[in-house]
2 protein chains.
Amino acid sequence: MIRQSTEIRKEQIKSAVLDIIFTDGLKNLSTRNLAKRIGMSEGAIFRHFTSKQEIILAIIKDVKKEFIGSLRLIANSKDTAERRLKSLLCATVKYLTDNKGITMLLFSEATSNNDAVLKASLQEIFNTQKKLVSKIILDGIASCQWDENIPVENIAMLYMGIPVSLNIELVLSYGEFHPDNFCSQMMMLMLKLLNK
Amino acid sequence: MIRQSTEIRKEQIKSAVLDIIFTDGLKNLSTRNLAKRIGMSEGAIFRHFTSKQEIILAIIKDVKKEFIGSLRLIANSKDTAERRLKSLLCATVKYLTDNKGITMLLFSEATSNNDAVLKASLQEIFNTQKKLVSKIILDGIASCQWDENIPVENIAMLYMGIPVSLNIELVLSYGEFHPDNFCSQMMMLMLKLLNK
DNA sequence: TATCTTTGCAAGCAAATACTTACTTATATG
DNA sequence: CATATAAGTAAGTATTTGCTTGCAAAGATA
């Protein structure tokens with residue numbers, strides 16, 4: 001195989017990991033299989049990552065930076081609470097459908113391994129989303145748009161169920177599920193909960 | 001080890017599987033580990049189940065019979081729609097918190113393996129719940145208690161997010177999360193969505 | 001009691017796993 | 001050009017995996 005820089009190879013390896021997880025499941029994610037999919041030798045993988053676990057952690061780091069980072073921008077923007085909440089929801093739905101392998105990796109890894117570092121990372125990803133939603137809801141209440149008596153924490157938790165159950169649907173239905181205006185429809189439900 | 005009937009041993013084996021998954025994660029669920037936890041030889045396991053996969057499938061069959069069966073009873077009872085929905089929700093929450101290993105098994109197995117039989121089983125468990133919820137909502141609309149314009153399918157999907165995100169919370173928080181009146185609180189949100 | 005089925009075990013099997021080693025070759029830099 | 005470094009490979013390593021084998025003995029049935 002032709003020579004490439006570590007940067008390029010690292011991206012290729014991470015991308016192949018997600019591809020394998022989505023098409024063949026986590027059980028088939030062996031370093032041998034991974035090498036085969038990229039078209040390189042198994043040993044070459046270990047030139048760029050010291051262990052298989054390190055690849056997984058690198059992917060989770062990416063998720064934190066790209067996905068959670070973009071959600072944070074949306075939540076902290078100057079827009080109205082309603083528009084921010086819809087942006088947040090739609091961005092999440094889009095990310096999950098575009099990167100199906102990632103959420104499968106996150107959930108599987110959380111339960112299959114019992115690694116503390118990994119679990120802490122996942123908890124951070126989960127909790128940050130919940131906090132951003134809570135913040136937007138509180139903003140909406142403060143600007144007198146939404147009902148001040150609503151249980152913010154509970155709605156944030158219910159909100160978290162949206163991306164999660166969407167993902168299960170995606171995993172189980174082999175891509176037959178097409179969430180076209182899924183985001184808008186869920187947003188309507190959220191508004192019914194939030195409005196006075 | 002003392003001799004026992006297959007019936008008893010089968011139950012012991014299934015129970016040990018769930019125990020290992022919850023305490024050590026799916027990755028440590030090897031037949032060797034399983035035998036050690038029960039205190040029997042590895043070979044003895046294969047007297048009662050022909051393969052490791054068969055054990056998993058037996059557990060899923062139990063879930064279908066016990067859990068889904070009880071939900072079906074609730075959904076089809078003579079009670080009001082509101083009371084049935086609350087019973088359904090609370091029964092689900094209770095089952096998930098009482099049998100933490102089971103849901104971890106279901107999610108992990110759905111994503112780690114790519115077995116068609118398994119996925120079909122999981123899809124059935126997921127879809128049956130959704131259908132029961134839809135049925136109750138339609139009953140509530142028919143008896144003029146709930147808004148006839150609500151999108152039933154979407155609410156059923158949002159409902160499904162409740163047990164799922166509860167479970168993630170349970171997995172990630174090492175049992176620190178205590179869903180005391182979680183069921184009642186979520187039910188209040190559902191009612192706000194359903195009422196006129 | 002005699003026999004047959006069922007349940008148990010220790011040892012061993014081939015295959016797969018994550019990772020290493022010893023060595024080659026491409027590329028950048030003095 | 002010479003040389004150091006980085007990226008590649010084939011062929012190993014030890015360990016773990018799911019499962020089998022050959023044989024012993026407990027329990028049921030005659």
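Computed from a predicted structure; not experimentally measured. All chains are named by letter (A, B, ...) in the order of the sequence lines, taking the proteins before the strands, and each is independently numbered beginning at 1.
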Looking at Thr6(B), I'd like to know whether one of its side-chain N or O atoms comes within less than 4.0 Å of OP1 or OP2 on dT6(C).
no

Does OP1 or OP2 of dA28(C) have a side-chain N or O of Arg3(A) closer than 4.0 Å? no

Contacts of Arg32(A) and Gly39(A) projected onto DNA chain D by closest heavy atom; the upstream (5') one is Gly39(A)

Atom CD1 of Ile55(B) and atom C1' of dT17(D) are separated, to the nearest Å, by 14 Å

To the nearest angstrom, the CD1-C1' distance between Ile13(B) and dC19(D) comes to 14 Å

For Ile150(A) and Ile137(A), the nearest pair of non-hydrogen atoms, with its separation, is CD1-CG2, 3.9 Å

With heavy atoms under 4.0 Å as the rule, sort Leu34(B) into base, sugar-phosphate or nothing. nothing

Under 3.5 Å, is there an N or O donor on one side and an acceptor on the other linking the side chain of Arg47(B) and the base of dT6(C)?
no

Scanning both residues in full, the closest heavy-atom pair of Ile60(B) with Ser121(B) reads CG2-CB, 3.8 Å

| query | Phosphate oxygens OP1/OP2 of dG8(C): is one of them under 4.0 Å from a side-chain N or O of His48(B)? | reply | yes

(Q) Looking at Ser30(B), I'd like to know whether one of its side-chain N or O atoms comes within less than 4.0 Å of OP1 or OP2 on dT17(D). (A) yes

Between CE of Met40(B) and C1' of dC9(C) the distance, given in whole Å, is 10 Å

For Asp147(B) and Asn195(B) the tightest heavy-atom approach is CB-O, 3.9 Å

Whole-Å distance, Lys27(B) NZ to dA18(C) P, equals 8 Å

To the nearest angstrom, the CD1-P distance between Ile8(B) and dT6(C) comes to 17 Å

To the nearest 0.5 Å, atom CD of Gln129(B) lies from atom CG of Leu89(B) at 10.5 Å

Looking at Thr31(B), I'd like to know whether one of its side-chain N or O atoms comes within less than 4.0 Å of OP1 or OP2 on dG18(D). yes

Here the distance between atom P of dT17(D) and atom CZ of Phe46(B), to the nearest Å, is 12 Å

Lys10(A) atom NZ is separated from dG8(D) atom C1', nearest whole Å, by 17 Å

Closest to the 5' end of DNA chain D, once Ile2(B) and Gly43(B) are matched to their nearest nucleotides, is Gly43(B)

Exercise for review: Record whether the side chain of Glu42(B) comes under 3.5 Å of the base of dC9(C) through a donor-acceptor pair of N or O atoms.
Suggested key: no

Which of dG8(D), dC9(C), dT9(D) is nearest the side chain of Met1(B)? It is dC9(C)

Check your understanding: Does the pair Glu11(A)/Lys14(A) count as a salt bridge with the N-to-O cut at 4.0 Å?
Key -> yes

Ile45(A) atom CD1 is separated from dG8(D) atom C1', nearest whole Å, by 12 Å

